[in-house]
Amino acid sequence: MKLMSILDHVASAPAAAAPRRALFQQLGRAAVAALPLGLGAALPAAAETKDTSLDALTQLLLLERLVSAFYTRALANTSLIPAAQVPDFQRILRHQTQHVALFTQALQDSGAIMPAMPTFDFSGQRNVPGNPVLFPNVLTAYDDFLALAQQLEDLSARLYRSQVFNISYDPKLYKAALSIVAVEAEHSAHVRTLRRNRGVAVKSWPSATDAAIARPAAAQVLATAATGGEDNLAQEQQAGVLVPFASLLSVLRLTFVSDPSVAEAFDEPVSTAVAQAALSLFY
Amino acid sequence: MSDNLQPRGSDDATFAQPLYTPIKRRSFFMYAGATAGASALVLAGCSKDSDPVKPNLPTGNSTTADGSISLGSGDVGVLNYAYALEQLEADFYSKVAALSNGASLLGATEFAYFQQVAKHEAIHRDFFKAALTRDAAGQVLRNLTPKYPAGTFDSKTTILATAKAFEDLGVAAYNGAGKLIKTPAYLVIAGQIVSVEARHAAYIRDLITPGSFAADDQVAAASGLDMAMTPKEVLNTAQNFITEKLSGDSIGVNA
Amino acid sequence: MSEHSFSPAWRAQPLGRRGFLRVSAASAATVALVAATGCDTSTPEPVLPDPNLITLPAGDNGLLYSLYLLALAKATLYQKIYETPPTDLTTAERAIFSDLRDHEVAYRELLHLILDPNYLDPTKAAQLFPTDFAFKLTSFTLTTRAGVLVAAQQLEDLAAATYPVMVPLLTSSNPYQRVLLLKAASVQARHAAVVRDLLAPGSFANDDVVNAAGQLKPKTPVEVNTALAPFFAPYVISVANLPVPVL
Amino acid sequence: MNFFNIINQLAEVDPDVMGRLDTRRSVFNSLTSMSKRAAMAAGPALLASFFTKAYAGTTAGDPKEVFNYALTLEYLEADFYNKMIASPYFSTASAAAQAAIRQISKHETAHVNLLKAVVTGIGGTPTPAVTFKSATFASLTSFAAQLQVAQLLEDTGVRAYKGRAGDLLGLADVTITGIGTINPLQSALQIHSVEARHAAHIRYMRNQTPWITGTGDLDSQPHYTGAIPESNTTQSNVNLIAANSITPNTTYSAADAAASFDEILTPAEVTDNSRAGGLIGA
């Protein structure tokens, strides 16, 4: 990412953009997050991730563009989604389109360079015909479509949770993003419910008991980004202090909750780097 | 004879009987305890019987002012305390052992083991009842009515979690009550039972999380000590599973 | 009423029916005055014109109490459904309600622990509310599938809509609490979606609850309290001290 | 008076009866000589053997002696597990098995340190460390063979602690630097139940029942026999398996009755060469 160019651009931004200049208040201490070895090499040059407010908005925009494109193409294939569910995905698409507009506006207001629209490829071939197909039939077979939709919605809810505090400098965006977390979670829950109704062992919330979605190794990062670590039981209430669930939720106190259920009660975040690696599978 | 070596509530009249009376027809704990029994035998003619129970200490199975059932005082209190816990455990396992879908719910081998544990706990319960009936007639805790949260017997998860909770609680209860016992024989009995409870606890823990038989949440890593709990702590918890209100205020307290 | 009133020392005192949290509007002012003029440990118990008024504290604790009440409400509802499910609720649906119960018990207990760090120590634990304080289910119809779903949707929509409002109002310097609540926030939304879909398939995230910007319509603490208030009668909960969202 | 018979019956429930009779506790000071005189008169041969066993070089009933006795056993166990972990066969075990042995080893080492502090804290001198006989260990040429010995050690440990609990009855709490205030009896019980957890797990690792039913592959070893064998089905003169004995219309099996109560071993039995005694050495 061309930091100097962005800063130049900001400096010459129109006065109307001033209120959004705060977006860049964190740029000064932006640090390029090192990607895990081996992962970085597989990513496009632009995929470096940093946890600044600008990077947060940019990444969320990418996510929403990607998901919008996915549903747009899915709905374009009129034989893919059963008629009864078409309105569901039209609604989801409408929300995603609204989210795209929100971040587009936020970036424009702050005078940032608008990232180019990627050419999305949902086969996982990344626009190179010779590459292996990682996500077969996702735009032609309903169950395959739903499986990918679930992973993308899970990833969306997670990524918002991870990025939301990076944009908390702007109360309006912060609140919007928090509200969107809830909407993405409702989307995810609905897709999961649709899959469950089709006989897949999956709950409406990520659970250790969910049937895994089989993917080639090269696509595994999507599963990691969508649901990796959802069996986590270690929740910190302060730095280094874990919530004592074992004693809090015990048989003897008549408050027993099984470990998988405790894990379900807390959705987990995703690191921006892992999220980026997953998003990068599609363009 | 020293006051603190005689089981409270034992039948003092037996001291006056001829020494050739066969042991099995006597108050067995006085003899089983070796020290108390033997010293009683040897010193029967030259020591005074201990004072009767002071009236301000409740007897076992009596009703207290607030309507609770007292477990009693002194060693009888400890025995009734153990009896109450064994009643609860035995009831729980008998319900598990009776599950028609037990083998599919828990696994065939595990279900068979649970049926063994059910027998162990039933034996513990019935043993205490027999011992108390003989040694502290009139103070034997009544049959309690255990109660469980909805769904307790519906899934492997809740059955195992409840079993683990009860077994770990039982171990901690016996460990904490040992020092309240005055009669060595009772202590030996408690020791003989608590290690079996610990075996159960270890097994069930291993079923829930393999290798957690003596995990750091139960056995302190620095000292290597298992948990110990006071009767008050244990009863506060056990009360959640027993319909009758129990009072253990005088457990181990002697006149 | 100042947050000071929630100091452990205050809470550790034995609580009679007239004790905890119940401060009328007038007496709240009195307490505030006392606090402002050098509140010490001997805050006098104010005169209580309304013994059933429970005033939630200001600041983060007030928000946490509010979330606790939501969790308490939902856990109470789901426990009841779990114990005596309507006969027309399918096995699969019962499993969902069992999960809902588990999650809400976890939230209720967690929030209780956050509000009272001594919660797990019976010798020191405070009492958050009077012993007969409860979420009453009498106005719901819990004998039919439709009835339990209507009740559940009411509470889940409320929770899903208020978490995004409450989280940014927290001012604590402890970020872990916010993260924890955020992790619960999206699960609340999942609950809302699944319950909505059970009641009316495809009604997840519909226009009743999502605005034209694709965001969940927010509910303020006051709105939440207004919705829950009837169920806590005879107690009356005042959220007058709670932070108010500015945007 | 048939004192012989009385002692015999007492011994059924408490083989350490004579050891107990000679405790230092004041209440028995006068009793000791009396009982000895009475006992000698009643059955010299039996009692002589009893006394020989019960007094094996120590002063029974002294809490310092009891804790040093426990310390000796913990030294033996701790060294055994250290040897196990250092053994070339350790790496042949599964990760779970290795983790279990490490966890047990951690406890035994903790017990050694605790007991040393307790002995010192109550005014005694910790007994010198003992080790598991190297030659014997060398003969254990597989992880499975080592695990057999681990089971025997743990089950013996459980029985040994149980046999001495009575000697700690009534002792006041002691405050020990670095540990805090402990009740000696309670601490012994807390170690005892940990040993039982260890025993159960090792038996489980070996596909044995976690409790002692009498049908296990090692159940005929001396570690499970003794004056009161683990197969015992009579507790304190109560026959647990006779019909209607403790429960109307219910008859319990011998295996269930035996498994529901673990039995004691006396110090003499524990330190006998057939049990732990034979495993101590250079």
Side-chain angles (χ1 to χ4, degrees), chain A residues 84-85 87-88 91-92 94-99 101-102 157-158 160-161 164-165 168 171-172 174-176 178-190 192-193 196 203-205 207 235-239 241 243-245 247-249 253 255 257-258 261-262 264-269, chain C residues 92 95-96 98-99 101-110 112-114 117 119-120 160-161 163-165 167-168 174-180 182-194 196-198 201-202 204-207 209-218 245-247:
Chain A
Q85 268 68 58
D88 298 0
R91 185 190 308 150
I92 293 178
R94 192 171 77 238
H95 293 157
Q96 312 295 23
T97 310
Q98 288 158 344
H99 301 163
L102 173 77
R158 281 183 145 200
Y160 272 95
R161 271 196 312 279
V164 72
F165 294 123
S168 61
K172 203 167 177 178
Y174 182 36
K175 280 196 57 185
L178 283 166
S179 265
I180 294 175
V181 170
V183 174
E184 300 293 349
E186 292 216 23
H187 293 171
S188 161
H190 180 68
R192 286 169 160 272
T193 299
R196 185 169 65 249
K203 294 188 176 185
S204 299
W205 27 85
S207 170
Q235 303 291 353
E236 280 180 291
Q237 52 177 348
Q238 299 167 37
V241 180
V243 178
F245 284 120
S247 36
L248 201 58
L249 305 173
R253 300 179 69 245
T255 54
V257 177
S258 70
S261 289
V262 175
E264 286 168 16
F266 298 91
D267 277 346
E268 297 300 325
Chain C
I96 290 172
S98 167
D99 282 351
R101 174 238 174 236
D102 282 358
H103 301 168
E104 297 302 334
V105 168
Y107 301 142
R108 184 194 66 202
E109 294 299 296
L110 169 65
H112 197 143
L113 182 70
I114 292 175
Y119 181 38
L120 289 173
Y163 264 77
V165 178
V167 169
N174 171 8
Y176 294 91
Q177 229 167 59
R178 267 192 291 282
V179 170
L180 215 44
L182 194 56
K183 288 176 168 193
S186 53
V187 180
Q188 308 286 334
R190 292 176 182 276
H191 289 180
V194 78
R196 289 183 144 264
D197 278 344
L198 284 176
F204 75 103
N206 70 11
D207 293 349
V209 290
V210 177
N211 66 19
Q215 297 165 24
L216 211 62
K217 294 175 183 170
V246 286
L247 278 170

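Numbers restart at 1 for each chain; the letters A, B, ... are given by sequence-line order, proteins then strands. Heavy-atom basis, side chains included; hydrogens, waters and symmetry copies ignored. Only a predicted model underlies this, so the values are computations on that prediction, with no experimental measurement involved.
In this structure, C:P164 and A:L178 approach most closely via the heavy-atom pair O-CD1, 3.6 Å. C:S186 and A:V181 get closest at one heavy-atom pair: CB-CG1, 3.8 Å. The two atoms that bring C:G202 and A:D88 nearest to each other are CA-OD1, 3.8 Å, heavy atoms only.
The residue among C:A160, C:A106, C:A184, C:A213 with the most heavy atom pairs within less than 4.5 Å of chain A is C:A213. Chain A forms more heavy-atom pairs under 4.5 Å with one residue of C:R108, C:K183, C:Q177 than with any other, namely C:K183. With chain A as partner, the option from C:I96, C:V209, C:L198, C:N211 having the largest number of non-hydrogen pairs under 4.5 angstrom is C:I96. With respect to chain A, the highest number of heavy-atom pairs below 4.5 Å among C:N174, C:N206, C:D197, C:D99 belongs to C:D99. Among A:Q238, A:K203, A:Q96, A:H190, the residue with the largest count of heavy-atom pairs under 4.5 Å with chain C is A:H190. Of the listed residues (A:Q235, A:E264, A:E268), the one with the most heavy-atom contacts under 4.5 Å to chain C is A:E264. Contact count versus chain C (heavy atoms, under 4.5 Å) is highest, among A:E186, A:E184, A:Q85, for A:E186. Among A:Y160, A:F245, A:W205, A:F266, the residue with the largest count of heavy-atom pairs under 4.5 Å with chain C is A:W205. The greatest number of non-hydrogen atom pairs below 4.5 Å with chain A, out of C:A192, C:A95, C:P175, C:A193, is found for C:A193. Options C:P218, C:A212, C:S98 differ in how many heavy-atom pairs under 4.5 Å they form with chain A, and the most are formed by C:A212.
Side chain of A:H99 to main chain of C:G214: a donor-acceptor pair is present (N/O by atom type, distance under 3.5 Å, no hydrogens or angles). A donor-acceptor contact shorter than 3.5 Å links the side chain of A:R91 to the backbone of C:F204. Between the side chain of C:Y163 and the main chain of A:A182, no donor-acceptor pair closer than 3.5 Å is present.
For A:V262, no part lies near chain C; criterion is any non-hydrogen pair under 4.5 Å. Contacts between A:A101 and chain C at a heavy-atom distance below 4.5 Å are absent for every atom of the residue. Heavy-atom distances place both the backbone and the side chain of C:L180 under 4.5 Å from chain A. For C:L120, the part lying near chain A is the side chain, with the backbone staying farther off; criterion is any non-hydrogen pair under 4.5 Å. Residue A:L248 touches chain C through both its backbone and its side chain, counting heavy-atom pairs closer than 4.5 Å. Only the side chain of C:V210 comes within less than 4.5 Å of a heavy atom in chain A; its backbone stays farther off. With a 4.5 angstrom heavy-atom cutoff, A:T193 touches chain C only via side-chain atoms. Looking at C:H112, neither its backbone nor its side chain comes within 4.5 Å of chain A, counting heavy atoms on both sides.
In this structure, C:V105 and A:S261 have side chains that are not in contact, with every pair of non-hydrogen atoms separated by 4.5 Å or more. Counting heavy atoms from C-beta on, the side chains of A:D267 and C:R190 come closer than 4.5 Å.
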- request: Go through the steps to decide whether A:V164 and C:V167 satisfy the test side chain to side chain contact (heavy atoms under 4.5 Å, CB included), and finish with yes or no.
  value: CA-CA 11 Å; A:V164 72; C:V167 169; over 6 Å; no

message: Between C:Y176 and A:V241, does the side chain to side chain contact (heavy atoms under 4.5 Å, CB included) criterion hold? Intermediate values first, please.
response: CA-CA 10 Å; C:Y176 294 91; A:V241 180; over 6 Å; no

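Under the side chain to side chain contact (heavy atoms under 4.5 Å, CB included) test applied with A:V257, the options C:R101, C:E104, C:H103 reduce to a single match, C:R101.
The side chain to side chain donor-acceptor pair (under 3.5 Å) test applied to A:R192 returns A:D154, A:D210, not counting sequence neighbours. Scanning for side chain to side chain donor-acceptor pair (under 3.5 Å) contacts around A:S179 gives an empty result, with sequence neighbours left out.
The cationic atom of C:R178 (NZ for Lys, CZ for Arg) does not lie both less than 6.0 Å from the six-membered ring centre of A:Y174 and within 45° of the ring axis.
The residues A:R94 and C:D207 are annotated as salt-bridged, a charged nitrogen and a carboxylate oxygen being separated by less than 4.0 angstrom. Salt bridge status for A:R253 with C:E109: present, with a side-chain N to carboxylate O gap under 4.0 Å.
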